[in-house]
Amino acid sequence: MALGCCRFFAASFIGILFFLSLCACDRAPNYSFMLNATSAPTISYYDYIIVGGGTSGCALAATLSQNASVLLLERGGSPYGNPNITSLAKFGAALSDLSPTSPSQRFISEDGVINARARVLGGGSCLNAGFYTRASSEYVRAVGWDSRLVNESYQWVERRVAFKPQMGPWQSAVRDGLLEAGVLPNNGFTYDHLHGTKVGGTIFDSNGNRHTAADLLEYANPGGLTVLLHATVHRILFATKARPKPMAHGVVYRDASGVKHRVYLNRGLKNEIIISSGALGSPQLLMLSGVGPAQQLRAHNITVVLDQPMVGQLMSDNPMNAIFVPSPLPVEVSLIQVVGITQFGSYIEAAGGANFAVSPQRDYGMFSPKIGQLSTVPPKQRTPEALAKAIEQMNSLDQQAFQGGFIIEKVTGPISTGHLELRTNSPEDNPSVTFNYFKEPQDLQRCVEGISTIEKVIDSRPFSKFRFDYLSVPQLLNMTASAPVNLRPKHYNSSQSLDDFCKDTVMTIWHYHGGCQVGSVVDHDYKVIGVDALRIIDGSTFNASPGTNPQATVMMLGRYMGVNILRERFANEDLEN
């Protein structure tokens, strides 16, 4: 075969999949309220303290600032002005950056799947594929949200960050292939979650510039908001004496110079601390502050404020599996634009185009040998020399090896759950997390049906011009299975069993959630059960990932809860506008 199937595929897989995870924030708003934490006083007071300037935290802060004094603490930096984030030409550089100030912090779950958590203002909206789609109406009803306010909150987000994508021939072929494969009806372009095939929204504008949750701070009242960057919160402070239950009243954080700061809530019954640190950060911070499983806290010499055994439990990550399809024709550079929402519980999406190996650095991001993730090489053989040789081999590949695209499937839910535990007492360190991919048979069956649907798309008439006749679907499966996408042991021939293929090639789609779920750690108003003046508003509260991509709903939730909190504060005022 002209290029050698395995060599051809592995390079393409490593090169192109980063379309699913990077950021291109373009412009820098003049945020007078955004400061480096080193400039902050050692003691300060606010009505609301929000820990985490991510996808939900930015929307929440912008909303609360209209009628209260708000402090937003973000452990990372600004998404604006960093060429590794803002420049499409350096697509991949952010996830390859393993420095302490990188916008992406790598972690590997105990399942052996490589993953990342955001460390930047705007959170995961600076590190994802940009797909924008709402949760289903069934999801909204099941959670118990006010559908009218949900719709208004989505619209509030969309005015700043959502756009209609520009469809090219390859994405159109995937769409038409899904329709021929029976993922019906054709729902056209819509933000709504509808069974069938649709074109969704994107947070990339027509010039290819990414708009993130940080852009929602344009709604903020500058006089009511302070945003501190490089402010790492170490613990929440609780008042416990002469109280029926602990009350959160402040936080301790350190700036980039290591200086300790304390910030307290102003006097007032309605003032609160709100954690919006994500599915890893929120349960981690609760435990570091003494709220969590008592036995685990004592093992780390943490004073137990509240024995809450469900903190860190019910962690889930939607498994993603992909098939790379080399193309005889050029493929437009595209992120996720089309989705097939099946009846059996799998979402089919696609991303394609020549990767950014044409750039001088030939950087392949988080699957690059440059960062040591060569799962096909035994750990003891992952020497600097072995990595250098792999890099040299990839750099020598013909550019034609990077022509094609991925068709992926994501399992809805999922049903399988795991848990999170502290490794250390430092908020800078990743906790240990296990997701138990495919532990529940229904998740595995959904993956198998999803891969079978992808096979039908590949074999469809509309997609035929974008595939080589001599590469059969079993060959494509084997090529995919040979790529170093995770650190899990592999079966000999994954194409013989789609069950094995799903297990061997599982990756994250960065939609992990849980750890502080509604009904077990927080109530339906997102207040932490068993303590006062503390809420958690982010994806850690989800029992299932909403829609085909959760970012729209996480941003919506920040706005939605901000309005509800202000309604509680000022019951007789109209605060929706």
* To do: Over all heavy atoms of both residues, which pair between A40 and Y253 is shortest? Give the atoms and the distance, please.
  => CB-OH, 3.4 Å

* Asked: Looking at NZ of K410 and CG of N318, how far apart are the two atoms once the value is rounded to the nearest 0.5 Å?
  -> 4.0 Å

* So R254 and E428, side-chain contact (heavy atoms from CB on, under 4.5 Å) or not? Walk me through it. -> CA-CA 11 Å; R254 290 185 183 271; E428 303 280 7; over 6 Å; no

* Asked: Aromatic rings Y347 and H193: how do their planes relate, parallel, tilted or perpendicular, breaks at 30° and 60°?
  -> perpendicular

* **Donor-acceptor pair between Y526 and D538 side chains, under 3.5 angstrom** => no

* I323, N321, I451 screened by side chain to side chain contact (heavy atoms under 4.5 Å, CB included) with T505, the one that passes -> N321

* Just how far is it from atom CD of E421 to atom CD of Q296, taken to the nearest 0.5 Å? -> 5.0 Å

* **Side chains of Y154 and T553, donor plus acceptor under 3.5 Å** => yes

* Just by modelled atom types, is the A62 backbone N or O under 3.5 Å from a matching donor or acceptor in the S65 side chain? -> yes

* To do: Give the ring-plane orientation class for F107 versus F435, where under 30° counts as parallel, over 60° as perpendicular and anything between as tilted.
  => tilted

* Structure fact -> Heavy atoms of N543 and V518 approach each other most closely as ND2-O, 3.9 Å

* Could you tell me the separation between the CG atom of L71 and the CG atom of L64, rounded to the nearest 0.5 Å? => 12.0 Å

* Asked: Between the side chains of R559 and T63, does any donor sit under 3.5 Å from an acceptor?
  -> yes

* **Straight-line distance of L225 CG to L72 CG, nearest 0.5 Å** => 6.5 Å

* Any chance you could lay out the side-chain contact (heavy atoms from CB on, under 4.5 Å) test for N549 and I336, step after step, and finish with the verdict? => CA-CA 10 Å; N549 184 300; I336 306 300; over 6 Å; no

* Will you find, in the side chains of S109 and N115, an N or O donor that is under 3.5 Å from an N or O acceptor? -> no

* Asked: Between E409 and S346, is any side-chain donor less than 3.5 angstrom from a side-chain acceptor?
  -> yes

* To do: Test M555 against Y132 for side-chain contact (heavy atoms from CB on, under 4.5 Å), laying out the working first.
  => CA-CA 11 Å; M555 286 189 276; Y132 185 95; 4.3 Å; yes

* Do T38 and H230 pass the side-chain contact (heavy atoms from CB on, under 4.5 Å) test, and can you show the C-alpha distance, the side-chain angles, and the key distance before you say yes or no? -> CA-CA 8 Å; T38 53; H230 304 295; over 6 Å; no

* For Q284 and S277, does a side-chain donor sit closer than 3.5 Å to a side-chain acceptor? -> no

* To do: Quick one: sort the F406 and F324 rings into parallel, tilted or perpendicular, breaks at 30° and 60°.
  => tilted

* Nearest non-hydrogen partners of V120 and G77, listed with the distance -> CG2-O, 3.5 Å

* Report the distance from atom CG of L297 to atom CE of M287, rounding to the nearest 0.5 Å. => 7.5 Å

* R159 and E218 ion-paired at < 4.0 Å -> no

